[in-house]
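We count ligands from 1, going down the list as the structure has it; atoms in each ligand are counted the same way. Note: hydrogens, waters and symmetry copies are ignored here, and every other heavy atom, side chains too, is used.
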Amino acid sequence: MSEKNVFEKIRDREIPTEFLYEDDDIMAFYDIAPIAPVHVLIVPKKRIVSIAEMADGDEVIVGKMFRVARDVARDLNISEKGYKLLFRVGRDGGQEVPHLHLHLLGGARLSENIHPV
Ligand code: AMP
């Protein structure tokens with residue numbers, strides 16, 4: 001079996017992390033290096049590498065990720081003003097951790113700033 005990635009270590013309590021939300025399928029916690037005043041990661045407990053590598057049936061978990069994002073945004077009082085939701089996919093998408101995660105970004109008006117490097 002391949003070595004655990006950082007989110008599997010968080011899931012298995014090998015890296016102590018404060019959860020904003022947790023159930024059997026999904027966990028949510030603050031990003032360790034925030035790029036916005038509110039920066040939360042919504043992560044499935046099952047290891048799905050990325051959106052590009054979703055298996056048939058994983059759309060149920062991905063759908064739950066959006067529901068959790070909605071609820072965490074409400075809990076953190078950023079629903080009304082709005083926020084961004086971001087999946088990075090693979091190298092060109094800038095994905096660093098090979099375990100699916102949805103970035104919830106808010107707490108300020110955010111620029112687009114997406115351009116080729
Ligand atoms: P990505 O570039 O989309 O793969 O994003 C990975 C994110 O995981 C980055 O924003 C990191 O800051 C974040 N991250 C890495 N390690 C941890 C950790 N131990 N706890 C919380 N967030 C983390």
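Using a 4.0 Å cut-off to heavy atoms of R88, the atoms of ligand 1 that qualify are 1 (P), 2 (O), 3 (O), 5 (O). Interface atoms of ligand 1 facing Y30, defined by a heavy-atom separation under 4.0 Å, are 21 (C). Every atom of ligand 1 with a heavy atom of A33 under 4.0 Å away is listed here by number and element: 12 (O). Listed by number with element, the atoms of ligand 1 under 4.0 angstrom from any heavy atom of L41 are 8 (O), 13 (C), 22 (N).
Taking distance alone, with nitrogen or oxygen atoms compared against 3.5 Å, D31 approaches ligand 1 more closely than that limit. Checking only distances, I32 does come within under 3.5 Å of ligand 1, N or O to N or O. The distance criterion of under 3.5 Å between nitrogen or oxygen atoms is met by G94 with respect to ligand 1.
With a 4.5 Å cut-off on side-chain heavy atoms, L104 and V72 count as touching. Within the 4.5 Å cutoff, the side chain of F7 has heavy atoms near those of the V97 side chain. For the pair F87 and L102, the minimum side-chain heavy-atom distance is below 4.5 Å.
With hydrogens and angles ignored, the 3.5 Å screen pairs a side-chain donor or acceptor of Q95 with a backbone N or O of V49. A donor-acceptor distance shorter than 3.5 angstrom exists from the side chain of R11 to the backbone of K45, with no hydrogens or angles considered.
By the criterion of a heavy-atom distance under 4.0 Å, the side chain of F29, and not its backbone, is placed next to ligand 1. Both the backbone and the side chain of Q95 come within 4.0 Å of ligand 1, counting heavy atoms alone.
Within the structure, ligand 1 lacks F87 among the residues with a heavy atom less than 4.0 angstrom away. For the pair T17 and ligand 1, no heavy-atom separation below 4.0 Å is found. In this structure, I10 counts as a contact residue of ligand 1, since one of its heavy atoms falls inside 4.0 Å of the ligand.
Each of D58, D24, D25 was scored for a salt bridge (Lys or Arg N to Asp or Glu O under 4.0 Å) with K46, with one residue passing: D58. Considering L41, L20, I42 in turn, L41 is the only one that fulfils the side-chain contact (heavy atoms from CB on, under 4.5 Å) rule with F29.
Separating the CD1 atom in I32 from the CD1 atom in I15 is a distance of 8.0 Å, to the nearest 0.5 Å.
Note: the hydrophobic cluster containing M54 also contains M65 (ILVMFWY, side chain heavy atoms under 4.5 Å, direct or indirect links).
Note: H103 and H39 have tilted aromatic rings, judged against thresholds of 30 and 60 degrees for the angle between ring planes.
Taking all heavy atoms of H103, K9, E96, E18 into account, the minimum distance to atom 4 (O) of ligand 1 is reached by E96.
H101 NE2, 3.0 Å is the protein heavy atom nearest to atom 5 (O) of ligand 1. Looking only at heavy atoms of the protein, atom 19 (N) of ligand 1 is closest to V6 CG2, 3.7 Å.
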